[in-house]
Amino acid sequence: MSIQRLSYLGFEVSDVAAWRAFATSKLGLMEFSASSHRARFRIDSRAWRLNVEKGPADDFSFSGYEVDSEDALAALKKRLEEHGVAVTVEGSDLVKDRGVLGLVSCRDPAGNRVEICYGATELFEKPFASPTGVSSFLTDDQGLGHYVLNVPDVNAALDFYIKGLGLHLSDIIDWKLNDELTVRLYFLHCNGRHHTLALTSLPGGKTLHHFMLEVAQFDDVGFALDKFEADGAIVATLGRHTNDHMVSFYGATPSGFAVEYGWGARQIEPNWSVVRYDKISVWGHRFSGPG
Ligand SMILES: Cc1cccc(O)c1O
Ligand SMILES: [Fe+2]
């Protein structure tokens with residue numbers, strides 16, 4: 001038994017109010033709940049997909065993966081423990097807080113918190129409605145989107161996420177950041193989404209490089225691009241990636257890591273073969289900083 005899809009992500013942010021404004025008016029997400037110390041956002045029929053909680057880190061806080069049943073959760077817990085991973089069965093308080101039926105947690109080798117649930121809450125009776133008119137976000141069996149983690153030991157992380165959680169390698173990109181530095185990016189999938197998680201090791205910087213939300217229509221990207229450009233908040237220009245063929249741009253979030261806003265990715269096909277690339281993009285994606 002392995003992971004099925006990414007259910008939610010949690011960020012620790014210094015300015016919750018800024019995130020409430022950013023997530024709704026720039027990203028077009030719908031607020032599920034909000035207070036001075038925490039806010040949650042919807043991108044589809046699920047009760048919530050993104051959780052921002054007040055704290056000094058302005059960085060990754062937790063990932064939430066999902067499986068499809070109580071038996072699957074028990075089987076994954078057993079698989080992780082057999083791989084030497086300490087797994088905590090979360091109690092009713094956190095189960096209720098996350099709005100799920102069952103929840104376990106563990107840490108990856110870098111200490112990043114990983115939650116695994118089944119039975120997330122669907123709110124079909126409260127249809128998702130984007131405050132900026134985004135047509136819809138592409139989730140369903142492909143899960144929330146993707147995120148890129150900067151870890152000190154990529155091999156240890158690959159062992160955990162592949163041999164432990166059951167993700168699979170999609171491909172590798174050797175990304176030349178400058179004449180002195182090329183970093184290797186490993187892209188991992190757990191369903192049809194080309195990658196749910198990418199792993200790399202950067203010289204410093206935040207744990208979270210970026211998270212990605214995929215929209216259903218190309219114009220959804222254009223409308224968001226205009227908003228980020230108007231605020232001078234473009235981190236990387238529009239471009240198309242070499243591996244998943246997504247057309248996207250990267251924008252600055254209030255916490256300093258980036259959000260990638262994309263459309264048109266190809267999916268993992270049967271008999272997928274792992275290849276490598278020397279470029280992250282076919283065209284575009286000019287980063288304004290180091291990448
Ligand atoms: C850097 C990078 C390269 C390929 C696909 C991605 O989604 C990405 O963020
Ligand atoms: Fe990305």
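For reference, positions follow the sequence shown, starting with 1. First listed ligand is number 1; within each ligand, the first listed atom is number 1.
Residue-ligand proximity, His195 to ligand 1, at heavy-atom distances under 4.0 Å covers atoms 5 (C), 6 (C), 7 (O). Residue contact check: His146 has heavy atoms under 4.0 Å from atoms 7 (O) of ligand 1.
Legend: residues meeting side-chain hydrogen bond (donor to acceptor under 3.5 Å, both in side chains) with Asn191, ordered by chain and number and at least two apart, are absent.
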* Asked: Hey, mind stepping through Glu31 and Arg42 against salt bridge (Lys or Arg N to Asp or Glu O under 4.0 Å) and telling me if it holds?
  -> CA-CA 6 Å; Glu31 255 187 19; Arg42 298 183 59 190; over 6 Å; no
* Residues Asp231, Lys26; criterion salt bridge (Lys or Arg N to Asp or Glu O under 4.0 Å); working and verdict -> CA-CA 10 Å; Asp231 286 353; Lys26 288 273 252 321; 3.0 Å; yes
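If you check which protein heavy atom lies closest to atom 8 (C) of ligand 1, you get Tyr250 OH, 3.1 Å. Annotation: atom 6 (C) of ligand 1 to nearest protein heavy atom, His241 NE2, 3.3 Å.
When the options Phe287, Trp263, Phe228 are evaluated for a ring-ring contact (aromatic ring centres under 6.0 Å, His included) with Phe249, the one that passes is Phe228.
With a 4.0 Å heavy-atom cut-off, ligand 1 is reached by no atom of Tyr277. Of the heavy atoms in Ile173, only side-chain atoms (C-beta onward) come closer than 4.0 Å to ligand 1. Contacts between Glu260 and ligand 1, counted as non-hydrogen atom pairs separated by less than 4.0 Å, involve the side chain only.
Ligand 1 lies out of reach of His285, whose nearest heavy atom is not under 4.0 Å from it. Proximity of His194 to ligand 1 is not established, as no heavy-atom distance is less than 4.0 Å. For Met246, the heavy-atom gap to ligand 1 stays at 4.0 angstrom or more.
Excluding water, every protein N/O/S atom under 2.8 Å from the Fe ion (ligand 2) is given here by residue and atom: His146 NE2, His210 NE2, Glu260 OE1.
Checked by atom type, the side-chain pair Asp171/His194 shows a donor-acceptor distance below 3.5 Å. Between His285 and Ser248, the side chains place a donor N or O and an acceptor N or O closer than 3.5 Å (distance only, hydrogens not considered).
Under the 6.0 Å cut-off for aromatic ring centres, Trp48 and Tyr8 qualify, their centroids lying closer than that.
In terms of polar-atom proximity, Asn243 is not counted as a contact of ligand 1, lacking any N or O under 3.5 Å from an N or O of the ligand.
Between the side chain of Asp219 and the main chain of Gly222, no donor-acceptor pair closer than 3.5 Å is present. The closest donor-acceptor contact from the side chain of Ser288 to the backbone of Val235 lies under 3.5 Å.
In this structure, OG1 in Thr237 is found 9.0 Å from CG in Leu225, a value given to the nearest 0.5 Å.
Residues Arg5 and Asp141 are in side-chain contact: their nearest non-hydrogen atoms beyond the backbone lie under 4.5 Å apart.
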